[in-house]
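Quick note on labels: first sequence line is chain A, next is B, and so on, each numbered from 1. The figures that follow rest on heavy atoms only: side chains count, while hydrogens, waters and symmetry mates do not. Note that this is a predicted model, so its numbers are computed, not measured.
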Amino acid sequence: MFSCSALILKQEKLTNDHYLLTYLAPEMSQRARPGQFVHVRCGDTWDPLLRRPLSLHGIDPEAGTLSLLYRVVGRGTERLSRLSEGECLEVMGPLGRGFQLIGREAIVIGGGIGVAPLLPLVQVLIRQGIQVTVLLGARSQEGLLAQEAFQKTEARVEIATDDGTFGVRGTVVDLLQKRLESYSSVNPGEEAKRDICVYACGPVPMLSAIWQICQSGQIPLQLSLEERMGCGVGACLACVCRVKVVSNGENQKKQPAQFGVDAALTSQDWKYARVCVEGPVFWGKEVILDATRPE
Amino acid sequence: MFSCSALILKQEKLTNDHYLLTYLAPEMSQRARPGQFVHVRCGDTWDPLLRRPLSLHGIDPEAGTLSLLYRVVGRGTERLSRLSEGECLEVMGPLGRGFQLIGREAIVIGGGIGVAPLLPLVQVLIRQGIQVTVLLGARSQEGLLAQEAFQKTEARVEIATDDGTFGVRGTVVDLLQKRLESYSSVNPGEEAKRDICVYACGPVPMLSAIWQICQSGQIPLQLSLEERMGCGVGACLACVCRVKVVSNGENQKKQPAQFGVDAALTSQDWKYARVCVEGPVFWGKEVILDATRPE
Amino acid sequence: MRPGLNNLVEYTKAARFEKAGDKERLGAQSISEAERVNLAVTIGGIRMANPVTTGSGTFGFGPEYAPYVDLKRLGAITVKGTTLEPRLGNPVPRIVETPAGMLNAIGLQNPGVEAFVQDHLPYLREIGTPVIVNIAGNTVEEYAAVAGRLSEVGGVAGLEVNISCPNVKQGGIQFGTDPVMAAEVIGAVRASTQLPVIAKLSPNVTDIVAMAEGVAQAGADALSLINTLLGMAIDVQTRKPVLANIMGGLSGPAIKPVAVRMVWQVAQAVDLPIIGMGGIATPEDALEFILAGATGVAVGTANFVNPRATVEVIEGITTYCVKNGIKDINHLIGWAWKR
Amino acid sequence: MRPGLNNLVEYTKAARFEKAGDKERLGAQSISEAERVNLAVTIGGIRMANPVTTGSGTFGFGPEYAPYVDLKRLGAITVKGTTLEPRLGNPVPRIVETPAGMLNAIGLQNPGVEAFVQDHLPYLREIGTPVIVNIAGNTVEEYAAVAGRLSEVGGVAGLEVNISCPNVKQGGIQFGTDPVMAAEVIGAVRASTQLPVIAKLSPNVTDIVAMAEGVAQAGADALSLINTLLGMAIDVQTRKPVLANIMGGLSGPAIKPVAVRMVWQVAQAVDLPIIGMGGIATPEDALEFILAGATGVAVGTANFVNPRATVEVIEGITTYCVKNGIKDINHLIGWAWKR
Ligand SMILES: Cc1cc2nc3c(=O)[nH]c(=O)nc-3n(C[C@H](O)[C@H](O)[C@H](O)COP(=O)(O)OP(=O)(O)OC[C@H]3O[C@@H](n4cnc5c(N)ncnc54)[C@H](O)[C@@H]3O)c2cc1C
Ligand SMILES: Cc1cc2nc3c(=O)[nH]c(=O)nc-3n(C[C@H](O)[C@H](O)[C@H](O)COP(=O)(O)OP(=O)(O)OC[C@H]3O[C@@H](n4cnc5c(N)ncnc54)[C@H](O)[C@@H]3O)c2cc1C
Ligand SMILES: Cc1cc2nc3c(=O)[nH]c(=O)nc-3n(C[C@H](O)[C@H](O)[C@H](O)COP(=O)(O)O)c2cc1C
Ligand SMILES: Cc1cc2nc3c(=O)[nH]c(=O)nc-3n(C[C@H](O)[C@H](O)[C@H](O)COP(=O)(O)O)c2cc1C
Ligand code: FES
Ligand code: FES
């Protein structure tokens, strides 16, 4: 994990709201794994104050560069978009727990700006010999991002738009269902489910739908989540999400589980995990997507 | 008085700390008078919050442009120096009371960055047929600003540096004394003193010394002062300096005097005047330079 | 003219147009919708065409901002604090910039109530916008006297009582930090005027609700909150306080969260209309206060940053109402806890 | 590698070097001078190599910032608030950005004192830097119990008592806003530990000096001030409070003027060492607090903005001392009013 002033090599405006920023950070690029993120400053005064978390969209350890694909949604990202080549980016990272590469087949699903962390994932999956299908979704054609970049990989790419302006009319959830049907017809039996994994990033309703399909079909699923962040390093406890407590019998409280040191924090059947450290990628079977607290 | 987003036409770095910024503001340039100032934003977030007052150094109503000569001393001016051609400057002005043109001869004295408001003054004085001597002072040669611009006018320019690296070794105060001596030898008598006026801008110790010379010699003097400003328009009462109360006999309190509406505010023999409205140019005979309040 | 200057002039005009009020940006159809939105509010009997007034002490006596703002468009104009006798105010430095805020210690420089009435009120009367006069004093009697005088003269729509002043009789403790003393001041003002009385509360208290309840019982018709937070800054070069007065009042965007919180707390506890203020610089800021329970809002320090802040807030509120189908601004008051 | 990349790598290294600590920038001769400056301070018996610690809740339990900061260099490490039992904390959103600040409502999520002792303290002990444990509770007894437990285990240099918690027995009023209740908590903690007791005061009070005097009499060895200012933010789109908890604590540069003012007031009135905090992000900020009368300083929210803020503050203070011929940081404490 590093914190540095990185040289901006390129700032491309992709659409009206979307930018692709590439910066030089040799050490950071060597450490970075798909699904990890960086925490960037969007100005050099106290307003806006906090850093903004952005996923790594491009990881090129050979060139020593990293890139960020981001959407301008507020003051921070707007200021970020004003930086240009030759200026410096204050950046911390790589942060968080990225995707785990498992199985022999992968279905990688991105909705809207959610595609950002998925490109390096697809590249690494393919390098590991895993067969990849990418499902991209958006409201309409203009919302599709990084599509060409995915098509350049060896992955099979399927696209759905709500209004049918590109690819199939419908959602990535429809595409997922079809894909899983054809997978299980080719690979029948419960065993085969261990050889596939779904990876998803996008708006919460999309993630919920995917979560339900995978849950009922018992398909392994990894989700990349978002939450407001303060520190980005696990110190402030701002960025929590709820995860299920895996019952280990009586001495459950004593076992600092996979979510790190705060495993002792449990309600009946869930506890808070930090998106910046225990995530942003969580297993579907662990995570409770609805962020409101039950009483 | 206008408030607008003006187009920056030029941002020149003159020395390590000094910049000359030219912007387009046709209406503002037509209204502007030497000695007036503008109030500029140095960023577009809430930090730094306040505008910064800067004198008009160049007034070109024909081209519709204005320019500012400024020294980078803190956060605001530092951010200002990062703006470049084609960007916008949020600027209010012209503000304040400028210099009054009187007499047949003028001695215009600038110390350090204090030369900023004096260039348009000299240009207008000359246009009015007034004979002008410009006295410029600085610690050493590098501190001399806008010297060539003054030399391009028809004014006679004399220069003093503390270390003698340029012009006479000494201060502008020495130059002033000499100049006044030669004036009164050529124009003897009390009457002649009404035909000359000294105009000065620079550090307070310099202004104090000049003030004393003019006071004892009864030479008309106009000083341009600085004080921290909030509003720049007379509303907040942040930017006050002390001025003498001119006794008008018994009904003195009733007379809203030349310092505007707040003339009723008086201590024994002084009151506060607002630098942004009643100034920044004050008559030497009115102003009390030491800014600390006597008890 | 230089070659190309014409283009540049056009460019500048365009840039200025871009900055034009939201009303212009709404388009013709929406403009008529905007005109149908009711922005009028009533605060303690003061009828305002819209909820926006000015923070006392940040807008002078009105004419200072006339070149930038059509004063007729404001809901009300709240003028600089006025005392019985003229006050010189504090030595300089009187202000210092802080992160997203500023400290001021003006020391209530003002020409006194008589000079206000003679020199400033006539101008204000002409505008037609309701004038709220902020009053202050060092004794209960002084407050009452100023209030009495302002009630006689006509052209004053209401009095905003600044209770953040030191009580000289009681060793300089601020009226505004003690509910009993605050109630005494408001009670005395109430007794000496028929005008609406707005109590302006200090945020430097443990229990803002208790303060509000105290002045409500003493007869206040409305509340203004908040005044500035007490703060200070030290110059690390001189190693001394920056302000000649040592301490000063913190204002500006920095304090907005504290102000919104206090409006939220008081609005739910006390049945008086509130003028919310503290860091309002944009329409969204103003809406935060209204949603928290303020009926009116005041733009203070933001005037220094953007002399057109008041009208931009009015225009932005209008746009928000049109976009969100709000027909009457009064529906938004307290929405955050009412619905 | 792309052509030219080597140059770029050099460029990046250079840029990073430029950002290197002031110590590096001082040059060889000054480095030895820097080493002769005494930065060591003692706060309520806790000996710190320099005045800089961390704001509780902003630095986790230490290891979170280890990749960015050599924890051995800190004067002390003040860890997250610890309660008797584990606490889940509040639902999200737990934070919201505000102008030059942020609001937080974490809700004291923590694993409880036992888990702290078992899972976190061993790591902290290893570092060697004094560890200050921030403690909290909903009853006086809870405070005392946590304090008692932490006194037995070794490796804790002092306790910082966060009295900004609701007193569940007394209807949720905060301990920290009532001098009597505050004194009760501090008295109970004092009675149950031999460790230095630092009372951490809430700024949401009318009279911070009275609070400080109260806890001083109850046996506090030192004071931390300030905790966060109570604030809130409303989302104008949803028209509801942003934080799930509705209100939260305001921290960051925005609150610095209030914090400096309180340190200034308390330092002159109460004879206890103070750890000053509230918006410290730069060496100059830290020096403001020291000049106002703080013996130590804590960097809180600024860690989020700049993970190296703590060490940069230490380095900047050193540079300041060298440049200004200050041989001992203790000479600067309270300079703004002492000299
Ligand atoms: C781990 C992670 C990875 C992300 N990766 C990407 C990415 O690759 N590309 C991309 O465009 N966006 C990404 N986001 C979302 C991105 O962080 C927000 O869009 C951004 O912070 C908005 O900042 P703003 O100032 O423009 O918006 P504002 O709404 O003005 O921000 C206000 C505050 O809310 C926070 N905030 C607002 N939206 C979000 C959000 N969705 N998630 C977390 N905090 C938020 C901001 O950080 C800030 O503190 C990611 C978020 C997380 C948590
Ligand atoms: C009427 C007038 C005309 C001026 N004309 C010029 C000019 O032409 N060229 C030029 O270089 N400077 C001029 N100054 C000074 C200029 O305003 C300050 O140098 C500038 O405000 C410093 O801002 P900063 O953020 O860089 O410094 P900081 O020290 O960071 O500023 C902190 C605060 O102090 C105020 N401040 C600091 N120094 C001064 C000062 N000398 N006068 C008033 N406020 C100050 C700032 O405005 C700001 O509010 C003028 C000042 C006044 C009052
Ligand atoms: C320079 C200045 C002068 C002020 N003078 C007064 C005053 O005379 N009376 C008063 O009640 N409040 C006064 N205030 C407080 C404001 O009216 C307002 O309550 C406060 O600044 C918070 O609002 P803001 O953040 O929008 O400025 C003054 C504020 C400033 C900045
Ligand atoms: C996210 C966060 C969590 C905090 N948690 C605690 C806490 O557990 N106990 C405590 O006494 N103070 C807590 N604080 C307050 C800080 O320790 C500090 O007093 C305050 O933030 C002011 O300092 P700052 O402006 O430098 O952050 C917390 C602050 C923040 C921002
Ligand atoms: S952002 Fe601070 S713990 Fe995750
Ligand atoms: S700056 Fe506000 S009165 Fe001069």
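Heavy-atom contacts from other residues, nucleotides or ligands closer than 6.0 Å to CD of B:Glu78 number more than 12. Within a 6.0 Å radius of CZ in C:Arg125, more than 12 heavy atoms belonging to other residues, nucleotides or ligands are found.
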Legend entry - Test log, rule side-chain contact (heavy atoms from CB on, under 4.5 Å), inputs B:Trp46 and C:Val305: CA-CA 9 Å; B:Trp46 304 132; C:Val305 183; 4.0 Å; yes
Inset, instruction - Report the C-alpha separation of C:Leu88 and B:Trp270 in whole Å, then their side-chain angles, then the decisive distance to 0.1 Å, and conclude whether the side-chain contact (heavy atoms from CB on, under 4.5 Å) test is met. - result: CA-CA 10 Å; C:Leu88 273 171; B:Trp270 61 268; 4.0 Å; yes
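With a 4.5 Å cut-off on non-hydrogen atoms, B:Arg228 touches chain C through its backbone and its side chain both. If you measure heavy-atom distances from C:Thr282 to chain B, the contacts under 4.5 Å come from the side chain alone. C:Ile106 touches chain B through its side chain: at least one heavy atom from C-beta onward sits under 4.5 Å away, while N, CA, C and O do not. When heavy atoms are compared at a cutoff of 4.5 Å, C:Phe59 approaches chain B solely by way of its backbone atoms N, CA, C and O. For C:Val96, the parts sitting under 4.5 Å from any heavy atom of chain B are the backbone and the side chain alike. Contacts between C:Val242 and chain B at a heavy-atom distance below 4.5 Å involve the side chain alone, from C-beta outward. Within the 4.5 angstrom heavy-atom criterion, only side-chain atoms of B:Leu95, from C-beta onward, approach chain C.
No side-chain heavy atom of B:Phe2 sits less than 4.5 Å from a side-chain heavy atom of C:Pro307. With a 4.5 Å cut-off on side-chain heavy atoms, B:Cys231 and C:Glu64 do not count as touching.
Taken from CG in B:Leu237 to CG in C:Asn90, the straight-line distance is 11.5 Å, to the nearest 0.5 Å. Once rounded to the nearest 0.5 Å, the distance linking CG of C:Asn306 with CZ of B:Arg51 reads 6.5 Å. Taken from SG in B:Cys236 to CE in C:Met102, the straight-line distance is 6.0 Å, to the nearest 0.5 Å. Separation of atoms CG (B:Leu49) and OG1 (C:Thr98) is listed at 7.5 Å; rounding is to 0.5 Å. In this structure, C:Ile95 CD1 and B:Cys239 SG are separated by 8.0 Å, a value rounded to the nearest 0.5 Å.
With hydrogens and angles ignored, the 3.5 Å screen pairs no side-chain donor or acceptor of C:Arg94 with any backbone N or O of B:Val240.
Across all non-hydrogen atoms, the minimal contact from C:Gly89 to B:Tyr272 is O-CE1, 3.9 Å.
Between chain C and the residues B:Met229, B:His39, B:Arg52, B:Arg75, the largest count of heavy-atom pairs under 4.5 Å involves B:Arg52.
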